[in-house]
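For ligands, and for the atoms within them, numbers begin at 1 and follow the listed sequence. The structure presented is a predicted model; accordingly, all values stated were derived computationally and were not measured.
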Amino acid sequence: MSKIVLLGGDGIGPEVVAEAIRVLEVVNQRYGLGIDVEEHLIGGSAIDATGEPLPETTLKAAKNADAVLLGAVGGPKWDLLPMTSRPEKGLLKIRAGMNLFANLRPALLYPELASASSLKPDIVSGLDLLIVRELIGGIYFGEPRGIEGPPGQRVGFNTDRYSEPEIERIGRVAFDAANRRSKKLCSVDKANVLEVTVLWREVMMSLSPEYPEVELSHMYVDNAAMQLIKAPKQFDVMVTGNLFGDILSDAAAMLTGSIGMLPSASLNSDKQGLYEPCHGSAPDIAGRDLANPLATILSVAMMLHHSLNESKAALAINNAVKSVLSAGYRTQDIASGDSGEELVGCHAIGDAVVDLLSKG
Ligand code: NAD
């Protein structure tokens, strides 16, 4: 029996998670997975109910589960709260609380969606890259941090900090991923300016002899941003720290046309994981059946593959999503207006995936 904790969150979070859960229920029955789902609160909805963005009961349940499926958190209702009690704090706390140091973000361009990308089809068609981002260290967590000093003279500061063991463990995840894919790994740093990334580069180089089949290269982050837009297919697996990974993975997301298509996995050393779409709570479209749930549905596939070792069921979901796109179903974010397309809402595209999976 596997236990999954479900965190709908805010905005479109509960809508996209509802579709993903229907998909999970179908494969649960079809493949006899024995999955048990338990729902909890996070983000703004948790603040409204309990005063906390991550209630203790949620963190406890998450730590005891095999995996967590999350929608998204945040929204204008909570934007004026102090930084320490905002919905997004719940997300940072659950990542740290579960020790989820490795964030995997695949950016895959489905051929059917080539025209949804803002880049020319020949630059992006066939794109299939994986960004491995360190998630619980670096400047987002480093101390000291703060804003100090008298009005008019205040200083804001953060600390970018990585230890050798922290770099080594994320490096191993990236080398292993590259080994399973096309054996090319690009480590992204700013070693010409930042000592923390000089150490990052040294550790990546020290791991390299253990993975003789993987070709390791290094790139400064400014060039990596440029190259991702200019010639993204040169990359297969990229590994980088928390801040650079946050920015580069969003840039990579846009290469694929819509953030509504991109799943992610955040893992700890026990393969326990938190799975979520890369997008936020999209308050502009919340409650209107306009959200694309495919990123969350694909996150379920990542969950089955990485945390539950159920690759067959994961593949069935990935194939069902491909078939739904081939059949022409499009939510508004991925519609190009071509004649073969049928514009549908969040629930209807979920229906299409569920139907396909039910029929096998
Ligand atoms: P966003 O990702 O929520 O939305 C950006 C744009 O993409 C919007 O136009 C939105 O309508 C569209 N979009 C996003 N997901 C979509 C989907 N599934 N289908 C169709 N269109 C989609 O980013 P934002 O507007 O910068 O942030 C909104 C809120 O979400 C903020 O409170 C922010 O802090 C929060 N946020 C949360 C997470 C998270 O929970 N992991 C991540 C990013 C932002």
Side-chain angles (χ1 to χ4, degrees), residues 6-20 23 41-48 53-54 58 62 68-96 98 100 103-105 113 116-118 133 135-136 140 242 245-247 249-254 256-266 273-300 302 321 324-325 329-336 343-350 353:
L6 196 65
L7 307 173
D10 309 316
I12 61 169
E15 297 170 48
V16 293
V17 160
E19 299 312 314
V23 167
L41 292 170
I42 193 169
S45 50
I47 294 173
D48 289 350
L54 182 69
T58 300
V68 177
L69 181 69
L70 173 83
V73 299
K77 183 177 175 192
W78 305 280
D79 274 354
L80 295 178
L81 290 174
M83 197 70 108
T84 47
S85 42
R86 297 256 294 260
E88 292 77 0
K89 202 72 191 174
L91 204 52
L92 294 181
K93 277 186 170 166
I94 197 168
R95 287 174 182 165
M98 292 177 71
L100 303 171
N103 181 232
L104 311 187
R105 272 196 178 199
L113 301 184
S117 172
S118 42
R133 166 188 169 196
L135 200 60
I136 55 170
Y140 288 7
N242 209 341
D246 193 0
I247 298 164
S249 55
D250 268 18
M254 276 330 288
T256 69
S258 170
I259 201 157
M261 290 300 302
L262 294 169
S264 79
S266 305
L274 180 134
Y275 298 84
E276 57 181 321
C278 292
H279 57 74
S281 60
D284 53 331
I285 56 167
R288 296 164 57 198
D289 194 34
L290 289 175
N292 182 348
L294 295 180
T296 317
I297 290 172
L298 292 167
S299 300
V300 169
M302 285 190 93
V321 168
V324 160
L325 294 174
Y329 293 104
R330 299 283 187 276
T331 42
Q332 43 92 30
D333 57 307
I334 49 172
S336 68
L343 192 61
V344 291
C346 179
H347 191 63
I349 206 160
V353 178

**Student:** Among all protein non-hydrogen atoms, which one is nearest to atom 8 (C) of ligand 1, and what is the separation to 0.1 Å?
**Tutor:**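 Looking at atom 8 (C) of ligand 1, the protein heavy atom closest to it is Asp284 OD2, 3.5 Å.
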
**Student:** Could you give me the CA-CA distance, side-chain angles and deciding distance for Val353 and Glu19, then say whether side-chain contact (heavy atoms from CB on, under 4.5 Å) is met?
**Tutor:** CA-CA 9 Å; Val353 178; Glu19 299 312 314; over 6 Å; no

**Student:** Under 4.0 Å from a heavy atom of Leu91: which atoms of ligand 1 are those, numbered in the order shown and with their elements?
**Tutor:**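 So the answer, numbered in order with elements, is 39 (C), 40 (O), 41 (N).
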
**Student:** Short list, please: which atoms of ligand 1 are under 4.0 Å from a heavy atom of Gly280?
**Tutor:**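 Selected atoms, number and element: 1 (P), 2 (O), 3 (O), 30 (O), 36 (N), 37 (C), 38 (C), 42 (C), 43 (C), 44 (C).
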
**Student:** If you take all heavy atoms of Met83 and Lys89, which pair is closest and at what distance?
**Tutor:**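 That closest heavy-atom pairing would be O-CD, 3.9 Å.
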
**Student:** Going through the checks in order, is the side-chain contact (heavy atoms from CB on, under 4.5 Å) test met by Glu276 and Thr296?
**Tutor:** CA-CA 6 Å; Glu276 57 181 321; Thr296 317; over 6 Å; no

**Student:** Should you measure from each heavy atom of Ala72, which atoms of ligand 1 turn up under 4.0 Å away?
**Tutor:**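 So the atoms of ligand 1 that pass are 40 (O).
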
**Student:** Quiz question for you: does at least one protein heavy atom lie closer than 4.0 Å to atom 24 (P) of ligand 1?
**Tutor:**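 Under the 4.0 Å cut-off, atom 24 (P) of ligand 1 has no protein heavy-atom neighbours at all.
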
**Student:** Find all atoms of ligand 1 within a distance of less than 4.0 Å from any non-hydrogen atom belonging to Gly74, and give their numbers and elements.
**Tutor:**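 Atoms satisfying the 4.0 Å criterion: 32 (O).
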
**Student:** Among Leu135, Asn103, Leu70, find the one that has a side chain to side chain contact (heavy atoms under 4.5 Å, CB included) with Leu274.
**Tutor:**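 Answer to the side chain to side chain contact (heavy atoms under 4.5 Å, CB included) test with Leu274 among Leu135, Asn103, Leu70: Leu70.
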
**Student:** Quick one: does Gly75 get a heavy atom under 4.0 Å from ligand 1?
**Tutor:**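 Yes, that is the case, since the closest heavy atom of the residue is under 4.0 Å from the ligand.
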
**Student:** Determine the sole option in Val73, Leu81, Leu91 for which the side chain to side chain contact (heavy atoms under 4.5 Å, CB included) test with Arg86 is passed.
**Tutor:**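 Option passing the side chain to side chain contact (heavy atoms under 4.5 Å, CB included) with Arg86: Leu81.
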
**Student:** Which atoms of ligand 1 are found less than 4.0 Å from any heavy atom of Ala291?
**Tutor:**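 Checking each atom against Ala291, I get 19 (N).
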
**Student:** Can you confirm, on distance only, whether ligand 1 has an N/O atom lying under 3.5 Å from any N/O atom belonging to His279?
**Tutor:**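 Yes, there is a polar N/O contact under 3.5 Å.
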
**Student:** Give me the nearest non-hydrogen protein atom to atom 31 (C) of ligand 1 as residue plus atom name, then the distance to 0.1 Å.
**Tutor:**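 Going by distance alone, atom 31 (C) of ligand 1 is nearest to Glu88 OE2, 4.0 Å.
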
**Student:** Among protein heavy atoms, which sits nearest to atom 7 (O) of ligand 1, and what does the distance come to when rounded to 0.1 Å?
**Tutor:**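 Closest protein heavy atom to atom 7 (O) of ligand 1: Ile259 CG2, 4.0 Å.
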
**Student:** Which heavy atom of the protein is the closest neighbour of atom 37 (C) of ligand 1, given with residue, atom name and distance?
**Tutor:**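 Protein heavy atom with the smallest distance to atom 37 (C) of ligand 1: Val73 O, 3.1 Å.
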
**Student:** So do Pro87 and Ile47 actually touch side chain to side chain, heavy atoms under 4.5 Å?
**Tutor:**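 Side-chain contact under 4.5 Å: yes.
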
**Student:** Establish whether atom 42 (C) of ligand 1 and some protein heavy atom are separated by less than 4.0 angstrom.
**Tutor:**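 Yes, there is one.
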
**Student:** Report the part of Asp333 in contact with ligand 1, treating N, CA, C, O as backbone and CB onward as side chain, heavy atoms under 4.0 Å; options are side chain, backbone, both, neither.
**Tutor:**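 It is the side chain that gets close, since no backbone atom is under 4.0 Å.
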
**Student:** To check you understand the geometry: which heavy-atom pair defines the closest contact between Pro263 and Cys278, and what is its length?
**Tutor:**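 That would be O-SG, 3.5 Å.
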
**Student:** Is there a side-chain contact between His279 and Ile12 in this structure, where contact means two heavy atoms from C-beta onward sitting under 4.5 Å apart?
**Tutor:**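 Yes, close enough: below the 4.5 Å cut-off.
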
**Student:** Give me the nearest non-hydrogen protein atom to atom 21 (N) of ligand 1 as residue plus atom name, then the distance to 0.1 Å.
**Tutor:**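 Protein heavy atom at minimum distance: Ile285 CD1, 3.6 Å.
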
**Student:** Search all heavy atoms of Gly273 against all heavy atoms of Met98 and return the closest pair with its distance.
**Tutor:**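 Residues Gly273 and Met98, closest heavy atoms: O-CE, 4.3 Å.
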
**Student:** Can you see which heavy atom on Ile297 is nearest to which on Ala20, and at what distance?
**Tutor:**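 That closest heavy-atom pairing would be CG1-CA, 3.8 Å.
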
**Student:** I'd like to know if atom 11 (O) of ligand 1 has any protein heavy atom within a distance of less than 4.0 Å.
**Tutor:**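 Yes, because at least one protein heavy atom sits under 4.0 Å from atom 11 (O) of ligand 1.
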
**Student:** Check step by step if salt bridge (Lys or Arg N to Asp or Glu O under 4.0 Å) holds for Asp246 and Arg105.
**Tutor:** CA-CA 10 Å; Asp246 193 0; Arg105 272 196 178 199; 5.2 Å; no

**Student:** Between the side chain of Asp10 and the main-chain N/O of Gly44, is any donor-acceptor distance below 3.5 Å?
**Tutor:**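 Between the backbone of Gly44 and the side chain of Asp10 there is a qualifying donor-acceptor contact (under 3.5 Å).
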
**Student:** Give the atoms of ligand 1, by number and element, whose distance to some non-hydrogen atom of Ile12 is under 4.0 Å.
**Tutor:**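 Numbered from 1, ligand 1 contributes 15 (N), 16 (C), 17 (C), 18 (N).
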
**Student:** For atom 3 (O) of ligand 1, what's the nearest protein heavy atom and its distance?
**Tutor:**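 Looking only at protein heavy atoms, the one closest to atom 3 (O) of ligand 1 is Ala282 N, 2.7 Å.
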
**Student:** Should you measure from each heavy atom of Glu276, which atoms of ligand 1 turn up under 4.0 Å away?
**Tutor:**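 Atoms satisfying the 4.0 Å criterion: 41 (N).
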
**Student:** Less than 4.5 Å apart, any side-chain heavy atom of Ile334 and any of Leu325?
**Tutor:**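 Yes, side chains in contact.
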
**Student:** Taking only heavy atoms of Pro283 into account, list the atoms of ligand 1 that are under 4.0 Å away from them.
**Tutor:**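 Counting from 1, the qualifying ligand atoms are 28 (C).
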
**Student:** May I ask you to identify, for Pro293, whether its side chain, its backbone, both or neither come under 4.0 Å of ligand 1 on a heavy-atom basis?
**Tutor:**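 It is neither; nothing of Pro293 touches ligand 1.
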
**Student:** Can you report which non-hydrogen protein atom sits closest to atom 17 (C) of ligand 1, along with the distance?
**Tutor:**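 Among all protein heavy atoms, the one nearest atom 17 (C) of ligand 1 is Asn292 N, 3.6 Å.
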
**Student:** Of the protein's non-hydrogen atoms, which lies at the shortest distance from atom 29 (C) of ligand 1, and what is that distance?
**Tutor:**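 Nearest neighbour among protein heavy atoms for atom 29 (C) of ligand 1, to 0.1 Å: Ser281 OG, 3.2 Å.
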
**Student:** Could you check if a side-chain atom of Val344 sits within less than 4.5 angstrom of a side-chain atom of Arg330, using non-hydrogen atoms only?
**Tutor:**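 Heavy-atom side-chain distance check fails, nothing below 4.5 Å.
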
